[in-house]
K.L.:
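This is the structure, below, for whatever I ask next.
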There are 2 protein chains.
Amino acid sequence: MNQPAALTRQEQKERTRAALLDAALELSHQSGFAQISLRQVAKQAGVVPAAFYRHFASMDELGLALVERSFATLRRMIRDAQRDPDVFTHIIDAAADVLVETVKVNKTHFAFVARERVGGSRAVREAINHELDLFVSELAVVLARLPNIENWSSDDVHMVARLFVRNMVANAEEVVEMPDGRPDLEAQIKEGARRQMRLIVLGFEKWRS
Amino acid sequence: MNQPAALTRQEQKERTRAALLDAALELSHQSGFAQISLRQVAKQAGVVPAAFYRHFASMDELGLALVERSFATLRRMIRDAQRDPDVFTHIIDAAADVLVETVKVNKTHFAFVARERVGGSRAVREAINHELDLFVSELAVVLARLPNIENWSSDDVHMVARLFVRNMVANAEEVVEMPDGRPDLEAQIKEGARRQMRLIVLGFEKWRS
DNA sequence: TAGTTGAGTGAACGGGTGTTCACACACTGT
DNA sequence: ACAGTGTGTGAACACCCGTTCACTCAACTA
């Protein structure tokens, strides 16, 4: 019936919403989400401040939307990784590679999560920690199938999963802080992540209680 | 020659400076250091905004002073712990206990460090990460003397030290976020920390390259 | 004791903030 | 073709911000 070249109402609205999210993400990359203003975001998105309210009730609500979008990226990374056959043969090497590469490509999303996980407003902080808890539980299910772990208590499996996720977050933070164009640093982080995971896995065999 | 009951000039100045630092620490405990204002800090310290400049050139400079003060607390914790003979017989249990107790008592300092390590301004962030790097190196020296580690490469020792410090930071974050008056949660965090350290130590024996 | 120093004052400034409102006007369903 | 819906506008508001300035007056020095 229509859209002869122009944009439908819904399309246009979604486009502006995305522009606001992108603007907030980019601005917060330098100074942190908590200290950017509604007016700055609106300006960067090419929109008047009042228009912001057509999409979000507050900056906090935009922050929550950003959490959602960022974890969607993380989930996609995990899903794609599981399709790769290498992951099952050299789990640790693959995990280190995938981690560093994905974080590098989606730097802004991971920077947002890393930063706001501890520095953000209460609402944003809790949303992120909730997502990370979900992620720990998912990882626990995967770990429970590994040879040396299959008859551990579920408490212990959860503990190990937390250990891995914590280190994943810490390594992601390092990649985020990494200056551009430093493949040496990148390799160093990757190697560090690999060794840490190997050390932890070595402990599996002798674990009791 | 003087101070009949009144305060010397220097004493009074130091007192106000301390009041400003305390005010900033308390205010940032709820909302994060980066989003509190010079005026708020001055008001909380019972001083007019302009007086702030007699002590710090900017909020950033106050932040750096806060980093220094917080790490002095951390160092005191380590030093005290080393005096305790229990630490050498049950290193891991003692470490978990000391960590949780000290963080609980100095909650505001650790909350500041945990939060601003990733969320703060560039200057504050770098100062904290520098202090943490120093701490990793100190720990590496201690670890290098342990039985299973004594002939590892220094790179590997450093890697393990980083793994421990990361987990220490993560556990401190958990204690900080912990609501008051929940000894069950506290015990849970302590037990988790203990298990994670034990798992890592188990890997020491079989480590190669 | 007289003069100097400097921590703290109070008012003022220019500018950025979130939020509100009536309004314009392009896309929408009838 | 027409009325309606709703995204985006631009101006206005009251407020808080960092920073400056001339000032007071107690603690200091000589």
Side-chain angles (χ1 to χ4, degrees), chain A residues 1-24 26-28 30-66 119-124, chain B residues 1-24 26-28 30-66 119-124:
Chain A
M1 256 57 158
N2 39 17
Q3 66 256 44
L7 281 67
T8 156
R9 202 100 123 175
Q10 218 173 19
E11 277 173 345
Q12 181 53 44
K13 175 161 192 186
E14 218 153 278
R15 189 168 295 201
T16 307
R17 189 189 139 99
L20 286 169
L21 287 169
D22 286 343
E26 188 180 326
L27 288 173
S28 69
Q30 294 197 337
S31 25
F33 179 78
Q35 41 250 331
I36 64 178
S37 67
L38 185 153
R39 287 179 109 104
Q40 283 178 308
V41 173
K43 181 179 230 178
Q44 170 92 10
V47 133
V48 100
F52 180 96
Y53 294 100
R54 301 281 183 210
H55 303 271
F56 306 100
S58 63
M59 282 293 283
D60 234 89
E61 203 175 293
L62 185 149
L64 294 181
L66 231 32
S121 71
R122 171 166 294 277
V124 171
Chain B
M1 256 63 162
N2 40 15
Q3 65 254 45
L7 282 68
T8 153
R9 202 101 122 175
Q10 217 173 20
E11 277 173 344
Q12 181 53 45
K13 176 161 190 185
E14 219 153 277
R15 190 168 293 204
T16 307
R17 189 189 137 99
L20 286 169
L21 287 169
D22 287 342
E26 189 180 325
L27 288 174
S28 69
Q30 294 197 338
S31 23
F33 179 78
Q35 42 250 327
I36 65 179
S37 67
L38 185 153
R39 287 178 109 103
Q40 284 177 307
V41 173
K43 182 180 230 178
Q44 171 91 11
V47 132
V48 99
F52 180 96
Y53 294 100
R54 300 282 182 209
H55 303 271
F56 306 100
S58 63
M59 281 292 283
D60 235 90
E61 203 175 292
L62 184 149
L64 294 182
L66 232 30
S121 72
R122 170 166 296 275
V124 172

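Model, not experiment: these values are computed from the prediction.
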K.L.:
To the nearest 0.5 Å, how far apart are CG in B/Leu66 and CG in B/Asp22?
P.N.:
9.0 Å
K.L.:
Report the residues that fulfil side chain to side chain donor-acceptor pair (under 3.5 Å) with B/Gln35, sequence neighbours left out, ordered by chain and then residue number.
P.N.:
none
K.L.:
Quick one: side chain to side chain donor-acceptor pair (under 3.5 Å) partners of B/Ser37, sequence neighbours excluded?
P.N.:
B/Gln40
K.L.:
Starting at atom CZ of A/Phe52, determine the distance to atom P of C/dT17, rounded to an integer number of angstrom.
P.N.:
13 Å
K.L.:
Rounded to the nearest Å, what distance is computed from the CG atom of residue A/Leu20 to the C1' atom of nucleotide C/dG18?
P.N.:
15 Å
K.L.:
Of the nucleotides C/dG8, C/dT20, D/dG8, which has the atom closest to the A/Gln12 side chain?
P.N.:
D/dG8
K.L.:
Nearest whole angstrom, please: distance from the C1' of D/dG18 to the CG of B/Asp60.
P.N.:
14 Å
K.L.:
What pairs with B/Gln44 under side chain to side chain contact (heavy atoms under 4.5 Å, CB included), at least two apart in sequence or on another chain?
P.N.:
B/Ala23, B/Glu26, B/Leu27
K.L.:
Using a 3.5 Å limit for the pairing distances, which stems of at least 3 consecutive Watson-Crick or G-U wobble pairs does DNA chain C take part in?
P.N.:
C:1-13 with D:18-30, C:15-27 with D:4-16
K.L.:
On the nucleotide C/dG18, are OP1 or OP2 found under 4.0 Å from the side-chain N or O atoms that A/Ser58 carries?
P.N.:
no
K.L.:
Atom CD of B/Glu14 to atom C1' of D/dA27: distance rounded to whole Å?
P.N.:
16 Å
K.L.:
Below 3.5 Å between N/O atoms, which protein atoms pair up with nucleotides 10-17 of chain D? Just atom names and distances, please.
P.N.:
from   : atom 1 : to      : atom 2 : distance (Å)
D/dC17 : OP1    : B/Ser37 : OG     : 2.6

K.L.:
Once you apply a heavy-atom cut-off of 4.0 Å, does B/Tyr53 come out as touching a base, just sugar-phosphate, or nothing?
P.N.:
base
K.L.:
Does a side-chain N or O from A/Thr16 land closer than 4.0 Å to OP1 or OP2 of D/dG8, or not?
P.N.:
yes
K.L.:
If a pair satisfies salt bridge (Lys or Arg N to Asp or Glu O under 4.0 Å) and one of its residues is in residues 39-60 of chain A, list it, with sequence neighbours excluded.
P.N.:
none
K.L.:
Once you round it to whole Å, what is the distance between C1' of D/dT7 and CD of A/Glu11?
P.N.:
15 Å
K.L.:
Show me the pairs that pass ring-ring contact (aromatic ring centres under 6.0 Å, His included) and involve residues 35-55 of chain A, at least two apart or across chains.
P.N.:
A/Phe52-A/Phe56
K.L.:
Taking NZ from B/Lys43 and P from C/dT9, how many angstroms apart are they, rounded to a whole number?
P.N.:
14 Å
K.L.:
Would you please name every residue forming a side chain to side chain donor-acceptor pair (under 3.5 Å) with B/Glu61, sequence neighbours left out?
P.N.:
none
K.L.:
Heavy-atom nearest nucleotide on DNA chain D for A/Ala51 versus B/Met59: which residue maps closer to 5'?
P.N.:
A/Ala51
K.L.:
In chain order, what residues pass the side chain to side chain contact (heavy atoms under 4.5 Å, CB included) check against A/Ala42, with sequence neighbours excluded?
P.N.:
A/Val47
K.L.:
Identify the two heavy atoms, one from B/Leu38 and one from B/Pro49, that lie closest to each other, and give their separation to 0.1 Å.
P.N.:
CD2-O, 3.8 Å
K.L.:
Atom CD of B/Gln12 and atom OG1 of B/Thr16: how far apart are they, to the nearest 0.5 Å?
P.N.:
4.5 Å
K.L.:
Residues in side chain to side chain donor-acceptor pair (under 3.5 Å) with B/Glu14, at least two apart?
P.N.:
none
K.L.:
Show the distances under 3.5 angstrom between N or O atoms of the protein and N or O atoms of nucleotides 4-6 of chain C.
P.N.:
from  : atom 1 : to     : atom 2 : distance (Å)
C/dT5 : O2     : B/Arg9 : NH2    : 2.3
C/dG6 : O4'    : B/Arg9 : NH2    : 3.3

